[in-house]
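Notes to accompany the following structure.
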Amino acid sequence: MEILGIAGVAVISVVCYLFGMILKAWDAFDDRKIPALMGIIGGALGVVSWLIAPAIVPASDPITALAVGIVSGLAATGINQIYKQGGKEA
């Protein structure tokens, strides 16, 4: 059961990352708003996942599911920054 919860967090991060890449490719969207939007989308995905299948998100209540989702969504932004900074030379 724990493994499923960790996988759920990873899935939320991947979905947010992909959604962020789509927004970044869309020139009409301001890049500075992407991290906040990833937190919002992650939070929503966390709560919806908890409501549909509580074992997917490691949470026992909707507030914890919201927090887990927000952190997962923001992690997608961090993953993007690690990737971008890793490509730069010192």
Side-chain angles (χ1 to χ4, degrees):
M1 189 92 85
E2 260 183 59
I3 300 291
L4 187 59
I6 293 170
V9 169
V11 168
I12 292 172
S13 293
V14 169
V15 169
C16 287
Y17 180 82
L18 294 174
F19 192 69
M21 295 303 290
I22 290 168
L23 290 176
K24 186 150 183 67
W26 187 22
D27 292 335
F29 195 81
D30 185 9
D31 288 352
R32 294 175 293 180
K33 295 179 182 175
I34 292 176
L37 190 57
M38 292 306 96
I40 293 167
I41 292 170
L45 287 172
V47 173
V48 169
S49 298
W50 182 79
L51 289 171
I52 292 173
I56 292 175
V57 179
S60 58
D61 58 86
I63 301 298
T64 306
L66 176 68
V68 167
I70 290 171
V71 171
S72 299
L74 293 175
T77 303
I79 292 166
N80 185 340
Q81 288 302 308
I82 289 171
Y83 176 74
K84 282 175 55 177
Q85 298 300 322
K88 292 183 179 179
E89 293 186 28

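These figures come from a predicted structure and were not determined experimentally. No hydrogens, no waters, no symmetry mates; every other heavy atom, side chains included, goes into these values.
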Linking I/L/V/M/F/W/Y whenever any side-chain heavy atoms sit under 4.5 Å apart, do V11 and I79 land together? no
Scan the side chains in residues 28-37 for donor-acceptor partners under 3.5 Å anywhere in the protein, sequence neighbours excluded, and list what turns up.
residue, atom, partner, partner atom, Å
D30, OD1, R32, N, 3.4
D30, OD1, R32, NE, 3.4
D30, OD2, R32, NE, 3.4
D30, OD2, R32, NH2, 3.1
D31, OD2, K24, NZ, 2.8

Answer yes if W26 and V15 sit in the same cluster of Ile, Leu, Val, Met, Phe, Trp and Tyr residues linked by side chain heavy atoms under 4.5 Å apart, and no otherwise. yes
Report all side-chain donor-acceptor pairs from residues 38-60 shorter than 3.5 Å, counting only partners two or more places apart or in another chain.
residue, atom, partner, partner atom, Å
S49, OG, L45, O, 2.7
W50, NE1, A59, O, 3.2

Side-chain donor-acceptor distances from residues 68-76 under 3.5 Å, at least two apart:
residue, atom, partner, partner atom, Å
S72, OG, V68, O, 2.8

